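Here the structure comes first, spelled out in structure tokens, and everything after it is commentary.
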Amino acid sequence: MALARISKRSRDVLTGSRLRADYNEAERQFSQVLQQRLQDVLQGKRDRLALMRRYPNDPDRLGVMATPSTIQRGDLRLPAVEGMIWDAINFVRLKASGGPIAQKANDDGSVVEMRTFPTKFPHIVLERSDCYQGDAPEPVETTWTLQRLQNQRAQTQINQLLDAANLLFELVRVVR
């Protein structure tokens with residue numbers, strides 16, 4: 001029984017041992033930017049973060065969030081960057097089905113489908129958009145974006161102002 005517990009724990013991503021990620025310098029910098037931008041969304045400092053765009057007809061192509069000019073984008077390896085981004089998506093993601101598919105036809109004949117998925121955070125959703133050209137059944141690109149639905153920071157500031165106003169009214173009432 002104890003052996004089963006140990007072997008299960010060793011496979012756990014939180015408590016088990018793990019090998020160091022094989023990142024080069026550009027990927028280390030990218031990982032720091034990704035971590036900070038994810039934190040910015042969670043803390044309300046950023047309302048939207050486009051994480052990744054895939055091109056199904058071009059599997060060797062990957063679009064990622066804008067990065068600082070200090071990161072040598074040519075040194076980023078697709079498997080490493082994609083793995084980091086999927087880890088970020090899986091961090092916030094709930095294993096639940098998404099909402100209904102909303103479809104929009106563009107003037108150029110393309111069709112965009114959007115679907116929203118819940119996350120573990122009630123004020124953040126994961127949005128998937130697929131772009132189709134003409135009548136093609138397969139998308140030419142798919143984008144995953146984190147979207148903040150409310151700005152908790154702004155609401156907190158408003159609540160603090162309301163609390164201060166209530167205290168002032170209470171003080172006036174007591175002084176009278």
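In this text, all values refer to a predicted model and were calculated from it rather than measured experimentally.
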Can you tell me how far CD1 of I124 sits from CG of L149, rounded to the nearest 0.5 angstrom?
8.5 Å
Roughly how far, to the nearest 0.5 Å, is the CZ atom of R148 from the CD atom of Q43?
9.0 Å
Atom of V92, atom of L146 and distance for their closest heavy-atom approach:
CG2-CD2, 3.6 Å
In Å, rounded to the nearest 0.5 Å, how long is the span from CG of D87 to CE of M84?
9.0 Å
For the residue pair K120 and P122, what are the closest heavy atoms and their distance?
O-CD, 3.8 Å
Take L42 and F91, measure what side chain to side chain contact (heavy atoms under 4.5 Å, CB included) needs, and give me the verdict at the end.
CA-CA 12 Å; L42 295 175; F91 170 70; 3.9 Å; yes
Out of curiosity, does F117 fall in the hydrophobic cluster containing L94 (side-chain heavy atoms, cut-off under 4.5 Å, transitive links)?
no
Mind listing the side-chain donor-acceptor pairs of residues 24-34 below 3.5 Å, one per line with the distance, residues two or more places apart or on another chain?
residue, atom, partner, partner atom, Å
N24, OD1, A26, N, 3.1
N24, OD1, E27, N, 2.9
N24, ND2, D75, O, 2.7
E25, OE1, R28, NH1, 3.2
E25, OE2, Q29, NE2, 3.2
E27, OE1, N24, N, 2.9
E27, OE1, R77, NE, 3.3
E27, OE1, R77, NH2, 2.6
E27, OE2, R77, N, 2.9
E27, OE2, R77, NE, 2.8
R28, NH2, Y23, O, 3.0
S31, OG, R28, O, 2.6

Find out if a path of hydrophobic residues (ILVMFWY) with successive side-chain heavy-atom gaps under 4.5 Å connects Y132 to M114.
no
Just wondering, do D130 and E138 contact through their side chains at under 4.5 Å, heavy atoms?
no
When rounded to the nearest 0.5 Å, the distance separating OG1 of T116 from CG of L126 is 8.5 Å
Hey, what's the ring geometry for W86 with W144, parallel, tilted or perpendicular (30° and 60° as the breaks)?
perpendicular
Which atom pairs, donor and acceptor, lie under 3.5 Å between side-chain atoms of residues 96-110 and protein residues at least two apart or in another chain?
residue, atom, partner, partner atom, Å
Q103, NE2, E113, OE2, 2.6
N106, ND2, S110, OG, 3.1
D108, OD1, S110, N, 2.9
D108, OD1, S110, OG, 2.6

Value for CD1 (I89) from CG (L38), rounded to nearest 0.5 Å, stands at 10.5 Å
Spell out, as yes or no, whether a donor-acceptor pair under 3.5 Å connects the side chain of R115 to the backbone of R128.
no
Distance-only donor-acceptor pairs under 3.5 Å for side chains of residues 52-66, two or more places apart:
residue, atom, partner, partner atom, Å
R53, NE, E141, OE2, 3.3
R53, NE, T143, OG1, 2.7
R53, NH2, T143, OG1, 3.4
R54, NH1, E82, OE1, 3.0
R54, NH1, E82, OE2, 3.0
R54, NH2, P59, O, 3.0

Rounded distance [0.5 Å steps], CG in D40 versus CG in L49
8.5 Å
